[in-house]
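Chain letters run A, B, ... following the sequence lines, proteins first, then strands; residues in each count from 1. Because the structure is a prediction, the values reported are computed rather than measured.
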2 protein chains.
Amino acid sequence: MAGKKQIESAVSAQDPLKQKGLSVTDSRRKILQLFMQQKGALSHGDIEKKAGATFDRVTIYRTLQTFLDKGIIHAIPSANNAILYALCHEQCGPDHHDHQHIHFICSRCKHTFCLDHSVTPDLHLPKGYQAQDIDVLVKGVCKRCNTTSK
Amino acid sequence: MAGKKQIESAVSAQDPLKQKGLSVTDSRRKILQLFMQQKGALSHGDIEKKAGATFDRVTIYRTLQTFLDKGIIHAIPSANNAILYALCHEQCGPDHHDHQHIHFICSRCKHTFCLDHSVTPDLHLPKGYQAQDIDVLVKGVCKRCNTTSK
DNA sequence: TATCAAAAAGCAACAAGGTTGCAAAAATGA
DNA sequence: TCATTTTTGCAACCTTGTTGCTTTTTGATA
Ligand SMILES: [Mn+2]
Ligand SMILES: [Mn+2]
Ligand SMILES: [Zn+2]
Ligand SMILES: [Zn+2]
């Protein structure tokens, strides 16, 4: 009995959904899987295309919101009116997003990447301004595009 | 004659619209004025509200695009799907936006400000990544909100 | 395994944001 | 003033995101 319980909780712990206290559904599993297969970030539209007609648009919106709330994914700002999302590799939770990495937007392949091992630099702000959170967006040419086409 | 020409070109030089080679129209004048009166950044929606029913929605979209193209305003990325725009104080032109300042989003008053006298820091990127352009977004409490309510 | 309450998905209808083609109006330069 | 070019307004359309409600699925329990 104690042995069985241990196995169950081990399985639970592996599943990010159960880990975050979410019930496991087809759409959540599928969307999570898309993020895990992906090197870069995904927009709602990307997911809609990749998931095909499997799920309703509304379900995708609600799933993304749930994932954001639970600290499974984080949003990446952009200047082209398409919010991007990517997996949280840091330990995030409800109301507890804490990302210190840089986001890189490739102007060639148009993909957006989390540079997980980068660190957002210290900033010097004018007097009176108090920083809570910093987002650094870098546009340029990504590693793959640089090496692929010389 | 020569005197008159000098005065004309002096007047022209003052008007940012003529300076950038744009014909002067009511909507362009009005929208430019809104930006100049404003401390913070404006979204398309903000302009629509402030300009009232004076102009068609489409005219506002087109005017913003024109101003972007000519280097009169610049776009500020955001994570809430509402692109913001603010005047360029640097010398920008067609295909020539070069901003080195930080954007500050106040979580209290919800306004976004250009910290024109700030400087974007040097970044250390992983090997292979080549930076062309850097956007720094800082969320926090702005000067005014900090001093107003202690 | 069957049952049940709670949670999530699907559906429809809607609202907001943004784009396009075209005709009317305004701006520029002669 | 006139002719040409540019810009505006309008209508129609598309995409993106939201909301309320019903049906289906989930996870827990007996
Ligand atoms: Mn990231
Ligand atoms: Mn700015
Ligand atoms: Zn690339
Ligand atoms: Zn403020």
Task: Where protein sits on nucleotides 19-30 of chain C, one letter per nucleotide: B base, S sugar-phosphate only, - none, heavy atoms under 4.0 Å - done: BBB-----SS--
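With ring centers used as reference points, A:His124 lies 6.0 Å or more from B:His117. A:His103 and A:His74 have their aromatic ring centers within a separation under 6.0 angstrom.
Atom C1' of nucleotide C:dA15 and atom CG of B:Asn81 are separated by 15 Å, given to the nearest angstrom. Here C:dG17 presents its C1' atom at 13 Å from CD1 of A:Ile83, a figure rounded to the nearest Å.
Nearest heavy-atom pair across B:Ala75 and B:Leu68 is N-CD2, 3.7 Å. When all heavy atoms are compared, the tightest approach of A:Ile76 to A:Cys114 is CD1-SG, 4.2 Å. Across all non-hydrogen atoms, the minimal contact from B:Phe113 to B:Cys142 is CE1-CB, 3.7 Å. Of all non-hydrogen atoms in B:Leu125 and A:Val138, the two that sit nearest each other are CD1-CG1, 4.2 Å.
Counting only residues at least two apart or in different chains, side-chain hydrogen bond (donor to acceptor under 3.5 Å, both in side chains) contacts with residues 76-87 of chain B comprise B:Ser78-B:Asn80.
A:Ser27 comes within contact range of the sugar-phosphate backbone alone, with a heavy-atom separation under 4.0 Å but no base atom that close.
The backbone N or O of B:Thr59 lies less than 3.5 Å from a partner atom in the side chain of B:Thr63, making a donor-acceptor pair.
Extent of DNA chain D lying under 4.0 Å from chain A heavy atoms, first and last nucleotide in 5' to 3' order, is D:dT16 to D:dG27.
Of the two residues contacting DNA chain C, namely A:Asp56 and B:Gly45, the nearest-nucleotide position lying further toward the 5' end is that of A:Asp56.
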